[in-house]
2 protein chains.
Amino acid sequence: MKQTILIVEDEQRLANLHRDYLQQAGFATECLEDGLLVTARVRESLPALILLDLMLPGKDGLDICKEIRKFSAVPIIMVTARVEEIDRLLGLEFGADDYICKPFSPREVVARVKAVLRRSATLQDDSTFLHLDEERYLATLQGQVLDLSAVEFQLLSILAAKPGRILNRDQLMDRIYNDRRIVCDRTIDSHIKKLRRKISAVTPDIEVIHSVYGVGYKYEAP
Amino acid sequence: MKQTILIVEDEQRLANLHRDYLQQAGFATECLEDGLLVTARVRESLPALILLDLMLPGKDGLDICKEIRKFSAVPIIMVTARVEEIDRLLGLEFGADDYICKPFSPREVVARVKAVLRRSATLQDDSTFLHLDEERYLATLQGQVLDLSAVEFQLLSILAAKPGRILNRDQLMDRIYNDRRIVCDRTIDSHIKKLRRKISAVTPDIEVIHSVYGVGYKYEAP
DNA sequence: ACTTGACTTTTACGGCTTTTTACCATGCTA
DNA sequence: TAGCATGGTAAAAAGCCGTAAAAGTCAAGT
């Protein structure tokens, strides 16, 4: 079963070059010439990696990247025309996994693709299990996005920050409501329940939020 | 209290990149540009993890690693420029905890750092006969986990805090129920009994909770 | 301003676990 | 051996959790 690389590149000659080399290297390929349908295609064909040109007709590469990150953690390699771009991009947290600068040799592209795939393979079953982007309130579990409400996200953050450590309901409430609001502690249970439901929609067989009878809750990865 | 990551990297741009991402991820950072002062720094600032470039001016990364291992078990992640290096390194027993190959995405580095830290945290000692982790309500006896209820855990903690010292039932109740609840003192006996049963499931031949006729109970390791 | 819809909090209850109690058997000390 | 302390057991009581549904809150859009 071949892995599919999605090539998003408006310059036809370049796209073909990528395609040929990647196929030669044993990958399946798909091509798009503009940014309009990228997200739709990603959802459909679930590529193993996306090679994304930064300058595209129709839509900016950065926007596409952000959009994809809303629902998927698929590896993305950005292709840019200018070296100076890269430094700028590196500073930004917008979620690409690597950057290639034109002009480049097709061999280099293949090498990078392999490198990124290898990395993401080794990381998959490890720390990438749960990723919490505090700035964006974006939680991903095994590469899939968890659509959490603000309170749910916070709750998960607090628990996941100290895996294994048990927090009681008062501690959790104190951290979530720092305005000293008084809420019934069963409220926590309620949010926990919703969190668990959303999490189990992604990983039905793995429990990550455990209750400790008479004490509280804890987060613990498999 | 943040954990400190010590970055040892001669390429300034790369070091800054690491630093920014790790700080973003909630770590404190320190940087060194060559290998000469690494061991001294490790002794001083006791970092939680070291990110160590293999190729350094002044001293070889491997040597540094070995040197550190003589006095510390701090987690070390080696950074190397070439994939082939890794295979070679993996064969050698020199004590790094993980390897990262250039080029890499800063996100990956953060992920690896977290993964290694998590692993080393869970590997923490099972050398002591009885270990009580108050934070996670986790009691281990000779490396085996005792599945205790909240009260049982407290009871064992109180007794084990003063080995050999005899505590009567009132003292024990006072410490367990600081809300001045009045309970029958036979309740203690009941919990003691359950504790003993769970403990003897792990170490059938060793009695650690002793009753002192007419006085109370004490904990005493073999 | 009103409606609407999404999110949060409260409340109630069944089922389950732990804690407590009661009671009898056994063991210790004088 | 008498008298009290402790151990074992089981059943009652208390407390806790998961769940669902009702009630409240808030902000966006009309």
Side-chain angles (χ1 to χ4, degrees), chain A residues 70 136-139 145-159 166-201 204 206-220, chain B residues 137-139 146-159 166-201 204 207-220:
Chain A
K70 283 183 189 157
R136 258 178 284 259
Y137 273 53
L138 183 70
V145 170
L146 292 173
D147 184 25
L148 305 182
S149 77
V151 173
E152 286 155 14
F153 184 89
Q154 274 194 78
L155 195 50
L156 184 56
S157 297
I158 295 167
L159 288 169
I166 304 160
L167 294 162
N168 66 38
R169 292 174 176 70
D170 284 334
Q171 292 171 315
L172 292 170
M173 281 190 294
D174 283 352
R175 306 248 333 241
I176 294 175
Y177 312 102
N178 37 21
D179 52 358
R180 301 239 156 268
R181 233 183 323 162
I182 300 161
V183 294
C184 163
D185 64 353
R186 309 307 310 284
T187 298
I188 298 297
D189 300 32
S190 196
H191 291 299
I192 291 283
K193 180 201 158 202
K194 288 184 206 163
L195 253 183
R196 292 215 251 231
R197 182 161 57 203
K198 289 179 182 178
I199 289 173
S200 73
I206 306 172
E207 288 282 351
V208 294
I209 297 181
H210 306 263
S211 24
V212 181
Y213 198 96
V215 188
Y217 294 100
K218 69 174 173 180
Y219 168 91
E220 205 145 41
Chain B
Y137 277 78
L138 186 69
L146 291 174
D147 184 26
L148 305 182
S149 78
V151 173
E152 286 155 15
F153 184 88
Q154 273 194 80
L155 194 51
L156 184 57
S157 296
I158 295 166
L159 289 169
I166 305 161
L167 293 162
N168 67 37
R169 292 174 176 71
D170 284 334
Q171 291 170 316
L172 292 170
M173 281 191 293
D174 283 352
R175 305 252 331 245
I176 293 175
Y177 311 103
N178 37 22
D179 53 357
R180 303 236 155 269
R181 238 150 97 211
I182 299 161
V183 294
C184 160
D185 64 353
R186 306 304 311 284
T187 298
I188 298 296
D189 300 32
S190 190
H191 291 301
I192 291 284
K193 178 202 147 207
K194 288 187 204 160
L195 254 182
R196 291 214 251 232
R197 182 161 58 201
K198 288 180 181 177
I199 289 172
S200 73
E207 287 283 350
V208 293
I209 296 181
H210 306 265
S211 25
V212 182
Y213 196 93
V215 188
Y217 296 100
K218 68 173 175 181
Y219 168 91
E220 206 147 39

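Chain A is the first sequence line, chain B the second, and so forth, proteins listed ahead of strands; every chain is numbered from 1.
- Annotation: side chain of B/Ile209 is not in contact with side chain of B/Leu155 (no heavy-atom distance under 4.5 Å).
- Per the geometry, CG belonging to B/Leu167 stands 14 Å off P belonging to D/dT6, to the nearest Å.
- Rounded to whole Å, the distance from CG on B/Asp170 to P on D/dA5 is 13 Å.
- Among the atoms of the strands shown, base atoms are found under 4.0 Å from some heavy atom of A/Cys184.
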Taking N or O atoms only and anything under 3.5 Å, show me the protein contacts with nucleotides 20-23 of chain D, one pair per line.
unit_1: D/dA20; atom_1: OP2; unit_2: A/Lys193; atom_2: NZ; d: 3.3

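- Among residues at least two apart or in separate chains, salt bridge (charged side-chain N to carboxylate O under 4.0 Å, His left out) pairs with a member in residues 191-201 of chain A are A/Glu152-A/Lys198.
- In terms of phosphate contacts, A/Tyr177 brings a side-chain nitrogen or oxygen within less than 4.0 Å of OP1 or OP2 of C/dT9.
- A/Val212 meets the side-chain contact (heavy atoms from CB on, under 4.5 Å) test with A/Ile166, A/Val215, A/Lys218; sequence neighbours excluded.
- Listed candidates were C/dT8, D/dC17, C/dT19. Nearest to the side chain of A/Ser211 is D/dC17.
- The nearest whole Å value for the distance from the CG atom in A/Asp185 to the P atom in C/dT11 is 12 Å.
- No donor-acceptor distance shorter than 3.5 angstrom exists from the side chain of A/Gln154 to the backbone of A/Val151, with no hydrogens or angles considered.
- A donor and an acceptor atom never sit less than 3.5 Å apart when one is taken from the side chain of B/Arg196 and the other from the base of D/dG7.
- Terminal axes of the helix from C/dA1-D/dT30 to C/dA30-D/dT1 (five pairs each, C1' rotation axis) are separated by 40°, to the nearest 10°.
- Rounded to whole Å, atom C1' of C/dT18 lies 14 Å from atom CD of B/Gln154.
- Rounded to whole Å, the distance from CG on B/Leu195 to P on D/dG7 is 13 Å.
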Distances under 3.5 Å between nitrogen or oxygen atoms of protein and nucleotides 12-15 of chain D:
unit_1: D/dG15; atom_1: N2; unit_2: A/Tyr213; atom_2: OH; d: 2.4
unit_1: D/dG15; atom_1: N3; unit_2: A/Tyr213; atom_2: OH; d: 3.3

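- Every residue meeting the side chain to side chain donor-acceptor pair (under 3.5 Å) condition with B/Asp189, not counting sequence neighbours, appears here in chain and number order: B/Arg169, B/Arg186.
- Between B/His210 and B/Glu207, the shortest heavy-atom distance links the atoms NE2-O, 3.2 Å.
- Straight-line distance from the CG atom of A/Asp189 to the P atom of C/dG15: 18 Å, rounded to whole Å.
- Here A/Asp147 pairs with nothing under the side-chain contact (heavy atoms from CB on, under 4.5 Å) rule; sequence neighbours left out.
- Considering only residues two or more places apart in sequence or on other chains, A/Tyr217 meets the ring pair (Phe, Tyr, Trp, His ring centres under 6.0 Å) condition with none of them.
- Rounded to an integer number of Å, the gap from CD1 of A/Ile192 to P of C/dT8 is 13 Å.
- Contacts of B/Thr187 with the nucleic acid, taken as non-hydrogen atoms under 4.0 Å apart, include base atoms.
- Between B/Glu152 atom CD and C/dT20 atom C1' there is a gap of 13 Å when expressed in whole angstrom units.
- Closest approach of B/Phe153 and B/Tyr137 over heavy atoms only: CE1-C, 3.6 Å.
- Partners of B/Thr187 by side-chain contact (heavy atoms from CB on, under 4.5 Å), not counting sequence neighbours, listed by chain and number: B/Tyr177, B/Val183, B/Cys184, B/His191.
- For B/His191 and C/dT18, the shortest distance from a side-chain N or O to OP1 or OP2 is not below 4.0 Å.
- Considering only residues two or more places apart in sequence or on other chains, B/Tyr219 meets the ring pair (Phe, Tyr, Trp, His ring centres under 6.0 Å) condition with none of them.
- The side chain of B/Arg186 places no N or O atom within less than 4.0 Å of a non-bridging phosphate oxygen (OP1 or OP2) of D/dA5.
- Atoms CG and CG, on A/Asn168 and A/Asp170 in that order, are 5.0 Å from each other to the nearest 0.5 Å.
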